[in-house]
Amino acid sequence: MYALSFRRTAIAVTAAAVLPLALSACGGDDSKKDNASSSSESAAPSNAQPSAGGDAPMTDKPFGAACASVPKDGAGSFDGMAKDPVATAASHNPALSTLVTAVKKAGLVDTLNNAQNITVFAPTNDAFAKIPKADLDKVLNDKATLTKILTYHVVGQKLAPQQLENGSFDTLEKGKVTTSGSGTAYKVNDSANVVCGNVPTANATVYIIDSVLMPK
């Protein structure tokens with residue numbers, strides 16, 4: 001009886017001694033987790049807005065929404081296009097396939113590839129699609145008219161983006177194109193938007209536009 005009572009008392013005393021230690025240990029783990037969470041939160045980057053410097057246009061590099069569709073590597077990438085003359089470089093860009101077809105029909109591949117330090121305003125496939133199909137087919141099969149239109153898209157000097165802010169330039173067609181805008185937003189002849197600009201090729205700077213330019 002006394003032995004049993006003693007044993008129960010010993011168990012109770014032991015439990016009383018162990019329980020606070022166990023609770024303390026659990027509390028220590030929670031404290032560590034809280035501290036770790038607090039440290040993690042303080043180490044995590046804040047949702048601060050990017051600095052104005054990060055928003056500044058990088059006009060020494062290609063710019064524009066359509067540049068996102070250019071392949072990251074290979075012959076059709078910006079690095080790949082920079083190694084080829086302009087007509088060849090354009091042939092590697094799927095968005096310029098109609099332009100490339102037109103250049104071939106006009107017999108201007110060698111002319112463009114052998115020219116030095118030129119600027120090409122290159123209409124996209126969607127730009128050509130704005131022209132009624134019957135009219136486009138007619139132009140594509142009229143070499144003289146096609147040549148006149150295509151050479152109107154070529155300026156005999158390399159143009160930096162800053163030069164487009166308020167510019168007027170002679171074209172190979174002997175007409176003039178005008179440009180306006182700033183930063184990364186430019187227009188040609190007040191009608192065509194530059195959708196991917198300042199694209200380098202081996203012999204030209206290319207500004208991809210969303211409308212076909214028509215000689216005046």
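At a threshold of 4.5 Å between side-chain heavy atoms, the hydrophobic network of Ile, Leu, Val, Met, Phe, Trp and Tyr places Val120 and Met81 in one connected group. Following chains of ILVMFWY side-chain contacts shorter than 4.5 Å, one can reach Leu99 starting from Ile131, so the two form part of one hydrophobic cluster. Hydrophobic clustering (side-chain heavy atoms under 4.5 Å, transitive across Ile, Leu, Val, Met, Phe, Trp, Tyr) keeps Val177 apart from Val86. Residues Leu146 and Val100 fall into different hydrophobic clusters, defined by Ile, Leu, Val, Met, Phe, Trp and Tyr side chains chained together at heavy-atom separations under 4.5 Å. Under a hydrophobic clustering in which Ile, Leu, Val, Met, Phe, Trp and Tyr are joined whenever their side-chain heavy atoms come within less than 4.5 Å, directly or via other members, Leu108 and Val206 fall into the same cluster.
Within a 6.0 Å sphere centred on CG of Asp73, other residues, nucleotides and ligands contribute 12 heavy atoms or fewer. When the shell of 6.0 Å around NZ of Lys138 is examined, it contains 12 or fewer heavy atoms from other residues, nucleotides or ligands.
With salt bridges taken as basic N to acidic carboxylate O contacts below 4.0 Å, none links Asp126 and Lys130.
Annotation for Thr124 and Leu96: closest pair CA-CD2, 4.1 Å, computed over non-hydrogen atoms. Closest of all the heavy-atom pairs between Glu173 and Tyr152 is OE1-CD1, 3.3 Å. The two residues Leu140 and Ala102 make their nearest non-hydrogen contact at CD2-CB, 3.8 Å. Closest non-hydrogen pair, Ser168 versus Lys176, comes out as OG-CD, 3.7 Å. The heavy-atom pair separating Asn203 from Pro85 by the smallest distance is OD1-CA, 3.3 Å. Pairing each heavy atom of Asp190 with each of Ser180, the nearest pair is OD1-OG, 3.8 Å.
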Residue pair Thr179, Tyr207: steps toward the side chain to side chain contact (heavy atoms under 4.5 Å, CB included) verdict: CA-CA 11 Å; Thr179 58; Tyr207 291 89; over 6 Å; no

Start with the C-alpha gap between Asp137 and Lys133, add the side-chain angles, then the distance that decides, and say whether salt bridge (charged side-chain N to carboxylate O under 4.0 Å, His left out) holds. CA-CA 6 Å; Asp137 289 343; Lys133 188 176 186 305; 2.8 Å; yes

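Partner His153 forms a side chain to side chain contact (heavy atoms under 4.5 Å, CB included) with one of Val212, Thr171, Val188 and no other, that one being Val212. Evaluated for a side chain to side chain contact (heavy atoms under 4.5 Å, CB included) with Thr205, the options Val199, Val155, Leu159, Thr119 yield exactly one hit, Thr119. Among Asn141, Asp142, Thr147, the single residue meeting the side chain to side chain donor-acceptor pair (under 3.5 Å) criterion with Thr145 is Asp142.
If you take OH on Tyr186 and CZ on Phe121, they are separated by 11.5 Å, rounding to the nearest 0.5 Å. Note: Thr111 OG1 to Leu150 CG = 11.0 Å, rounded to the nearest 0.5 Å. Ser191 OG to Met214 CE: the interatomic distance, rounded to the nearest 0.5 Å, is 10.0 Å. How far OG1 of Thr201 is from CG of Asp84: 8.5 Å, rounded to the nearest 0.5 Å. With rounding to the nearest 0.5 angstrom, the NZ atom of Lys72 is 10.0 Å from the OG atom of Ser77. Within the model, atoms NZ of Lys174 and CG of Leu172 stand 7.5 Å from one another, a figure rounded to the nearest 0.5 Å.
A donor-acceptor contact closer than 3.5 angstrom links the side chains of Asn125 and Ser97.
Side-chain contact between Asn193 and Ser211 is absent, with no heavy-atom pair separated by less than 4.5 Å. Using a 4.5 Å heavy-atom threshold, the side chains of Asn198 and Phe78 count as separate. In this structure, the side chains of Asn93 and Ile208 come closer than 4.5 Å at one or more pairs of heavy atoms. Annotation: side chain of Asn117 is not in contact with side chain of Gln157 (no heavy-atom distance under 4.5 Å).
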